[in-house]
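Below you'll find the structure, written out as structure tokens, and then a few comments.
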Amino acid sequence: MPELPEVETIKRELEKTIINKKIVDVIVNNPKVIKEPKKEKFIKELKNVKIKKIIRKGKLLIFKLSSGRYWTVHLKMTGQLIWPGNAQKSRVSFKFFDGKILDFNDLRLFGELRIVDDWRKLKFIQELGPEPFEINTTQFKELLKKRKTKIKVLLMDQKFISGIGNLYANEVLFKTKIDPRRQVNKLSDKEKELLFKEIKNILSKAIKYGGSSVDDYVRVSGNKGDYMKFIKVYDRKGEKCFRCKGTIKRISLGGRGTYFCPKCQR
DNA sequence: AATGGGACCTGCGCGC
DNA sequence: TGCGCGCAGGTCCCAT
């Protein structure tokens, strides 16, 4: 599932391929992923404009166009951006002046494409919490104050902090030996500091290795990310804990699969 | 504010 | 072997 490191990887790779290139055609194989404006207008907005800049905010990719408007892409769970593509199994494809194609694939059709005047006005963006890299420890601890929910649910809440999804929430809590069910207000100062440090460490390392290819995520090239080999708990139900030889357990928190070691995560 | 549920989708893996 | 069901998770939305 694409989280901050995966989306950042895609952003960096696309910066090497489509910046300053003109889109000459848009092929829509399934209009469902186009959220605004309607298909015809969407195509018109992208035809004969260049991609000037790529921005990432949380898990959202934003392309600044030469028209001054913005094209946004949310990959949700199964979205992929592939270069060069072929428009064969894509939902929408973008043909550039040199004949090369960027594919937007999305098996489960949850992805969202938009053209907007200003991405900063999107409701999703306005409500988005800060990224871990935009705040310091003091601010992180301040955000946690007065919250009483389970720590794992809060880490995945994009309105609280943006960029962390299910996989990295599980990994960060394993690394810090914190039980995902712990109430936020019961965490010690030391635990909060450690948590914040490891959020940044793990996300940075995942970016360095090009993200984690679980489920459908792949890099722009179609290759898998390399962070897989560092994953300690995600999807390891019933297997031995790498740290204490306990058994990894799977429970549901916030409606999501939660993996942890009940023996060493307290 | 917290919690839990369903909705959106499709392919895969499990159990019978 | 084959079929049907539950599950996967990012986000929104609703009820309590």
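Throughout, protein chains are lettered first and strands after them, A, B, ... in sequence-line order, and every chain is numbered starting at 1.
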Taking C:dG10, B:dT3, C:dA8 as options, the one with an atom nearest any side-chain atom of A:Y234 is C:dA8

Looking at A:D179, A:D157, A:T258, which hits side-chain hydrogen bond (donor to acceptor under 3.5 Å, both in side chains) with A:K152? A:T258

From the set B:dA2, C:dC12, B:dT10, return the single nucleotide nearest to any side-chain atom of A:R147. B:dA2

Does A:E171 come within less than 4.0 Å of A:K175, counting only side-chain N to carboxylate O? no

Looking at A:K159, does any N or O in its side chain come under 4.0 Å of the phosphate oxygens OP1/OP2 on C:dT11? no

Measuring to OP1 and OP2 of C:dA8, would you say a side-chain N or O of A:R250 lies under 4.0 angstrom away? yes

DNA chain C base-pair string [pairs: Watson-Crick or G-U under 3.5 Å; |: paired with another strand]: .|||||||.|||||||

Side chain of A:F110 only, please: which of B:dC8, B:dT10, C:dT11 is the nearest? B:dC8

From NZ of A:K145 across to C1' of B:dA1 the rounded distance in Å is 18 Å

Over 12 non-hydrogen atoms of neighbours within 6.0 angstrom of NZ in A:K11: yes

Value in whole Å for how far the P atom of C:dT11 lies from CZ of A:R114: 12 Å

I'd like the C1' distance from C:dG6 over to B:dG6, given in whole Å. 15 Å

Could you check whether A:R114 makes a cation-pi contact with A:F124, meaning its NZ or CZ is under 6.0 Å from the centre of the six-membered ring and within 45° of the ring axis? no

Mark yes when over 12 heavy atoms from residues, nucleotides or ligands other than A:K141 sit less than 6.0 Å from its NZ; otherwise mark no. yes

Using whole Å, what does the distance between atom P of nucleotide C:dC7 and atom CG of A:N166 come to? 15 Å

For DNA chain C, whose closest nucleotide is more 5', that of A:E127 or that of A:Y259? A:Y259

Looking at A:Y227, I'd like to know if the NZ or CZ of A:K205 sits under 6.0 Å from its six-membered ring centre while staying within 45 degrees of the ring's axis. no

Can you see if the side chain of A:Q158 gets near the phosphate of C:dG10 - specifically, an N or O under 4.0 Å from OP1 or OP2? no

Between the protein and nucleotides 13-16 of chain C, list every N/O to N/O distance that falls short of 3.5 Å.
| unit_1 | atom_1 | unit_2 | atom_2 | d |
| --- | --- | --- | --- | --- |
| C:dC13 | OP2 | A:K123 | NZ | 3.4 |

So if I take every side-chain heavy atom of A:K76 and compare against B:dA1, C:dT11, C:dC7, which nucleotide ends up nearest? C:dT11

Within this structure, what is the CD-to-C1' distance between A:E112 and B:dC8, rounded to whole angstrom? 10 Å

A:I82 side chain near A:V218 side chain, heavy-atom distance below 4.5 Å: yes

Is any side-chain nitrogen or oxygen of A:H74 closer than 4.0 Å to OP1 or OP2 of C:dT11? yes

So, do A:H74 and A:F110 have ring centers that fall under 6.0 Å from each other? no

What is the distance, rounded to the nearest whole Å, between atom CD of A:Q126 and atom C1' of C:dC12? 17 Å

Answer with base, sugar-phosphate or nothing: what part of the nucleic acid does A:G257 contact at a heavy-atom distance below 4.0 Å? sugar-phosphate

Mind checking salt bridge (charged side-chain N to carboxylate O under 4.0 Å, His left out) for A:R256 and listing every partner two or more places apart, or none if nothing turns up? none

Nearest-0.5 Å distance that lies between atom NZ in A:K232 and atom CD1 in A:I248: 11.0 Å

Send over the distance from A:F160 CZ to C:dC12 P, rounded to a whole Å. 17 Å

So if I define the base as every atom that isn't primed, P, OP1 or OP2, how would nucleotides 11-16 of chain B read as a B/S/- string at a heavy-atom cutoff under 4.0 Å? S-----

Span that lies between the C1' atom of C:dC7 and that of B:dG5, in whole angstrom: 16 Å

Between A:W83 and A:F94, is the ring centroid distance below 6.0 Å? no

Residue pair A:L154/A:R256 against DNA chain B: nearer the 5' end by closest nucleotide is A:L154

Any heavy-atom pair between the side chains of A:I62 and A:L60 that's under 4.5 Å? yes

Between the base of C:dA8 and the side chain of A:R108, is one N or O donor paired with an acceptor at under 3.5 angstrom? yes

Side-chain donor-acceptor contacts of residues 37-51 of chain A below 3.5 Å, not counting sequence neighbours, with atom names and distances?
| unit_1 | atom_1 | unit_2 | atom_2 | d |
| --- | --- | --- | --- | --- |
| A:E45 | OE1 | A:R69 | NE | 2.8 |
| A:E45 | OE2 | A:R69 | NE | 3.1 |
| A:E45 | OE2 | A:R69 | NH2 | 3.1 |

More than 12 heavy atoms from other groups under 6.0 Å of NZ on A:K197: no

Which distance, rounded to the nearest 0.5 Å, do you find between the CG of A:D216 and the CD of A:Q80? 5.5 Å

With the side chain of A:K148 defined as its heavy atoms from C-beta on, choose the nearest nucleotide among B:dA7, B:dT10, B:dA2. B:dA2

With respect to the phosphate group of B:dT10, does any side-chain polar atom (N or O) of A:T78 fall under 4.0 Å of OP1 or OP2? no

Go through residues 171-185 of chain A and report each residue with a non-hydrogen atom lying under 4.0 Å from DNA chain C, sorted by number. none

Atom-pair distance (OH on A:Y168; P on C:dG10), nearest Å: 11 Å

Are A:Y209 and A:F230 near enough that their ring centres are under 6.0 Å apart? yes

Could you check how far NZ of A:K186 sits from C1' of B:dA2, rounded to whole Å? 14 Å

